[in-house]
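Handing you this structure, nothing more for now.
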Amino acid sequence: MNKDNVTHVPANLLEKLCEAALDSRNVRSDVRQHVVSSLIQTSLRGVDSHGIELLPHYINALDAGRINPRPTYQWMQELPSADVLNADHTFGHAAGGEAMLTAINMAKETGIAAVAVKNSTHFGAAAYFSLLAAEQDLIGLSFTHADALMLSFRGTRPFFGTNPICLAAPVANESPFCLDMATSLVSWNKVLRSKNAQEQVPDDWGCDSSGTPVTDPNEIISLLPIGNYKGFGLSMMIEILCGILTGMPYGRNIIRMYADPIGQKRYLGHFYIAIDINAFIGLEKFKLCLQEMMNAVREEPSQESEIPIQVPGDPEKQIYNQRYKQGIPVSPTAYERLRNLGKEINFEAI
């Protein structure tokens with residue numbers, strides 16, 4: 001994002017806009033709470049591709065019938081440490097939030113629990129769900145699959161999605177450790193934002209129709225996996241958890257977020273795990289040991305003395321603190337879309 005062209009908007013103002021926009025579409029309050037919390041938290045953490053800038057897209061999906069604003073949840077297994085939630089095509093943020101909270105409650109009783117979600121939609125940033133567990137002193141893991149956007153290793157077209165994985169865990173003296181990563185180097189939304197900004201991109205982001213890396217985002221039809229065949233393999237692993245295990249479509253059968261008609265339901269699956277740390281080691285000992293490890297990593301020698309070694313989640317923590325004080329930077333294109341949405345619902349505060 002070009003820092004010279006952004007508009008900084010206070011997080012609480014964007015939160016009110018999000019609340020008002022979803023309320024204007026009759027989104028039920030419990031669903032709305034998860035969506036708002038996820039979008040604002042994600043933008044504050046600097047993950048702009050999955051934050052508040054997606055709100056207009058979600059509103060369009062509600063209007064077109066892709067997303068159900070008032071779902072009837074169905075719990076399908078109700079075992080002591082495993083369950084499946086039929087999300088009834090509501091926001092993935094909401095279905096995933098309910099699934100993780102259920103996994104947390106079960107894990108507190110059984111030590112470890114897993115909840116799968118089916119018939120869902122895009123769930124935003126995986127960190128939102130894992131942090132729900134870490135904030136209650138559990139380890140949380142979150143997974144989802146997505147439409148085919150990642151180039152198959154040595155292939156010419158995508159088959160699996162950018163299928164993310166996230167782990168969050170509590171730490172003694174700071175906010176939770178959080179690794180949230182896609183199995184591609186960047187997200188598709190990041191490519192779209194570069195298209196809107198008319199910016200060239202690095203040649204390790206994506207490829208054209210022949211599988212050749214390109215720097216023009218308009219030519220990119222597939223994203224490159226992290227670690228070549230290793231990222232490709234991780235994506236397939238997550239597809240097994242989120243597609244095969246939930247009975248949802250997989251790979252190229254998944255309805256695309258942007259390229260397919262927005263009225264089509266996506267039938268996405270997610271998978272969540274919550275781990276009670278006390279079932280394995282004392283909670284306080286775990287938190288202290290993790291803190292010691294993180295500090296030790298940060299003290300490792302760096303190739304560039306002015307840039308210290310960081311652990312996963314450190315950049316997001318720093319950005320969160322900055323944006324909480326200074327506001328969330330919004331690109332010109334996204335700002336105009338948010339302003340137009342605000343005008344449409346008589347919310348003209350931005």
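Quick note: numbers below take in every heavy atom, side chains included, and nothing from hydrogens, waters or symmetry partners.
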Transitive ILVMFWY side-chain link L149 to Y250, under 4.5 Å:
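Per the 4.5 Å side-chain linkage, L149 and Y250 are not co-clustered.
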Which value, rounded to the nearest 0.5 Å, describes the distance between E98 atom CD and T90 atom OG1?
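Going from CD on E98 over to OG1 on T90, the span is 10.0 Å.
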Taking the six-membered ring for Trp and the full ring for Phe, Tyr or His, determine whether the centres of F123 and F91 are under 6.0 Å apart.
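Ring centroids of F123 and F91 are no less than 6.0 Å from each other.
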Minimal non-hydrogen separation, I254 against P249, with atom names
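Result for this residue pair: CG1-O, 3.6 Å.
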Gap separating the CG atom of N12 from the OH atom of Y324, nearest 0.5 angstrom:
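Rounded to the nearest 0.5 Å, the CG-OH separation comes to 8.5 Å.
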side-chain contact (heavy atoms from CB on, under 4.5 Å) with D208: which of V214, I221, I220, N218?
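Exactly one option meets the side-chain contact (heavy atoms from CB on, under 4.5 Å) with D208, and it is V214.
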Minimum-distance pair of heavy atoms, taken over all atoms of F232 and M150:
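Of all heavy-atom pairs spanning F232 and M150, the closest is CA-CE, 3.7 Å.
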Is the side chain of D83 donor-acceptor paired with the backbone N or O of E78 at a distance under 3.5 Å, no angle test?
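At least one qualifying donor-acceptor pair exists.
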Once rounded to the nearest 0.5 Å, what's the spacing between atom SG of C178 and atom CD of E316?
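These two atoms lie 7.0 Å from each other.
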Could you pull out the closest heavy-atom pair between R66 and D260, with the gap in Å?
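Distance-wise, the nearest heavy atoms are NH2-O, 3.9 Å.
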Around atom CD of Q198, are there more than 12 heavy atoms from other residues, nucleotides or ligands closer than 6.0 Å?
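Result for CD/Q198: open.
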Under a 4.5 Å cut-off applied to non-hydrogen side-chain atoms, are K108 and Q136 in contact?
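A side-chain contact exists here, since the closest heavy-atom pair is under 4.5 Å.
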Steps toward side chain to side chain contact (heavy atoms under 4.5 Å, CB included) verdict (I59, L22)
CA-CA 7 Å; I59 294 298; L22 296 173; 4.1 Å; yes
T110 side-chain N/O to M106 backbone N/O, donor-acceptor pair under 3.5 Å:
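The answer is yes, because a donor-acceptor pair under 3.5 Å joins these two groups.
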Check R337 with E53, please: is the shortest side-chain N to carboxylate O separation under 4.0 Å?
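Salt bridge absent between E53 and R337.
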Judged by modelled atom types alone, do S37 and Q33 share a side-chain donor-acceptor pair under 3.5 Å?
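Note: S37 and Q33 side chains meet the donor-acceptor criterion.
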Contact summary for L138 and I104, nearest pair of heavy atoms
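Result for this residue pair: CD2-O, 4.0 Å.
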E344 and R25 ion-paired at < 4.0 Å
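Yes.
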Is V84 reachable from Y272 through a run of hydrophobic residues whose side-chain heavy atoms are each under 4.5 Å from the next?
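In one cluster: no.
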How many angstroms lie between atom CZ of F286 and atom CD1 of I281, to the nearest 0.5 angstrom?
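Those atoms lie 8.0 Å apart.
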Quiz question: by atom type and distance under 3.5 Å, do the side chains of H270 and T144 form a donor-acceptor pair?
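Per modelled atom types, H270 and T144 side chains form a pair under 3.5 Å.
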Determine, using ring centers only, whether H57 and Y258 are less than 6.0 Å apart.
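Yes, they do, as the ring centres are separated by less than 6.0 Å.
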Taking a hydrophobic cluster as the set of Ile, Leu, Val, Met, Phe, Trp and Tyr residues connected by side-chain heavy atoms closer than 4.5 Å, whether directly or through intermediates, do L55 and V47 fall within one such cluster?
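L55 does not cluster with V47.
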Using a 6.0 Å cut-off, check whether atom NZ of K317 has over 12 heavy atoms from anything other than its own residue.
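Correct, the count exceeds 12.
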What about V27 and I40, same hydrophobic cluster or not, with Ile/Leu/Val/Met/Phe/Trp/Tyr joined at side-chain heavy-atom distances under 4.5 Å?
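Same cluster: V27 reaches I40 through Ile, Leu, Val, Met, Phe, Trp or Tyr contacts under 4.5 Å.
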Pair D88-Q74, side-chain donor/acceptor within less than 3.5 Å
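Not at all, the side chains of D88 and Q74 share no donor-acceptor pair under 3.5 Å.
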Got Y73 and N86 here, is their nearest side-chain heavy-atom distance under 4.5 Å?
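Y73 does not reach N86 side chain to side chain.
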Take the angle between the ring planes of H93 and Y58 and call it parallel below 30°, perpendicular above 60°, tilted in between.
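The rings of H93 and Y58 stand perpendicular, inter-plane angle above 60°.
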Within the distance-only criterion (no hydrogens, no angle test), does the side chain of D180 pair as donor or acceptor with the backbone N or O of A127 below 3.5 angstrom?
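Yes, because the side chain of D180 sits within donor-acceptor range (under 3.5 Å) of the backbone of A127.
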For a quick check under 3.5 Å, do Q318 and D314 share a side-chain donor-acceptor pair by atom type?
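No.
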With the side chain counted from C-beta on, respond yes when F160 and H145 share a heavy-atom pair under 4.5 Å apart, and no when they do not.
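They are not in contact (no side-chain heavy atoms under 4.5 Å apart), so the answer is no.
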Donor-acceptor pair, side chain of N278 and main chain of L283, under 3.5 angstrom:
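Confirmed, N278 side chain pairs with L283 backbone.
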Compare every heavy atom of A64 with every heavy atom of I262, then report the nearest pair and how far apart it is.
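Looking at all heavy atoms of both residues, the shortest contact is CG2-CB, 3.3 Å.
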Intermediate values then yes/no, side chain to side chain contact (heavy atoms under 4.5 Å, CB included), V311 and R298
CA-CA 7 Å; V311 300; R298 291 165 176 153; 3.7 Å; yes
If I take atom CD from residue E199 and atom CG from residue D216, how far apart are they, to the nearest 0.5 angstrom?
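It comes to 12.0 Å.
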How long is the span from the CD atom in Q200 to the OG atom in S194, to the nearest 0.5 Å?
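If we round to the nearest 0.5 Å, Q200:CD and S194:OG are 9.5 Å apart.
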Counting only N and O atoms by type, is there a donor-acceptor contact under 3.5 Å from the side chain of R157 to the main-chain atoms of L151?
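Flag not set: sc R157 to bb L151 has no pair under 3.5 Å.
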I'd like to know whether CE of M236 has more than 12 heavy-atom contacts from other residues, nucleotides or ligands below 6.0 angstrom.
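Counting neighbours around CE of M236, 12 or fewer heavy atoms of other residues, nucleotides or ligands fall under 6.0 Å, so no.
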Ring center gap for Y229 and F153 short of 6.0 angstrom
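Yes - the distance between ring centres of Y229 and F153 falls below the 6.0 Å cut-off.
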Are L245 and L268 joined in one hydrophobic group, where the rule is that I, L, V, M, F, W and Y side chains link up if heavy atoms are under 4.5 Å apart?
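As far as the 4.5 Å side-chain criterion goes, L268 and L245 are not connected within one cluster.
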Between I350 and L338, does the side chain to side chain contact (heavy atoms under 4.5 Å, CB included) criterion hold? Intermediate values first, please.
CA-CA 8 Å; I350 67 168; L338 292 173; 3.8 Å; yes
Taking atom NZ of K190 as the centre, report whether more than 12 heavy atoms of other residues, nucleotides or ligands fall under 6.0 Å from it.
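Check fails, neighbour count at 12 or below.
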For the residue pair H122 and H50, establish whether any side-chain heavy-atom pair is separated by less than 4.5 Å.
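Side chain of H122 against side chain of H50, heavy atoms only: contact under 4.5 Å found.
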Under the side chain to side chain contact (heavy atoms under 4.5 Å, CB included) rule, what do R45 and L131 come out as? Steps first, then yes or no, please.
CA-CA 12 Å; R45 296 181 75 245; L131 287 169; 4.2 Å; yes
Establish, from distance only, whether the side-chain atoms of T333 and N196 form a donor-acceptor pair under 3.5 Å.
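The answer is no; no qualifying pair exists.
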Minimum heavy-atom distance V117-S120, with the two atoms named:
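Smallest heavy-atom distance, with atoms named: CG1-CB, 3.8 Å.
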Answer yes or no: is there a donor N or O on one side and an acceptor on the other, between the side chain of R252 and the main chain of F159, under 3.5 Å?
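No; judged by distance alone, with no hydrogens or angles, the pair does not exist.
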Please determine, by modelled atom types, if S187 and T162 share a side-chain donor-acceptor pair under 3.5 angstrom.
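No, because no side-chain N or O of S187 sits under 3.5 Å from a partner of the opposite role on T162.
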From Q291, E299, E292, residue fulfilling side chain to side chain donor-acceptor pair (under 3.5 Å) relative to N295:
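By the side chain to side chain donor-acceptor pair (under 3.5 Å) criterion, N295 pairs with just one of Q291, E299, E292: Q291.
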Is it true that a side-chain atom of D147 and a backbone atom of R256 form a donor plus acceptor pair closer than 3.5 Å?
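No; zero donor-acceptor contacts below 3.5 Å.
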Taking C-beta and beyond as the side chain, do P158 and L223 meet within less than 4.5 Å on heavy atoms?
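They are not in contact (no side-chain heavy atoms under 4.5 Å apart), so the answer is no.
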Under the side-chain hydrogen bond (donor to acceptor under 3.5 Å, both in side chains) criterion, do N163 and S235 qualify, and how do the steps go?
CA-CA 5 Å; N163 303 354; S235 185; 3.2 Å; yes
What do you reckon, is CD of E306 surrounded by more than 12 foreign heavy atoms closer than 6.0 Å?
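Yes.
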Given the rule in the salt bridge (charged side-chain N to carboxylate O under 4.0 Å, His left out) test, do D23 and K16 qualify, once you have shown the distances and angles that lead to the verdict?
CA-CA 10 Å; D23 186 54; K16 290 177 182 177; over 6 Å; no
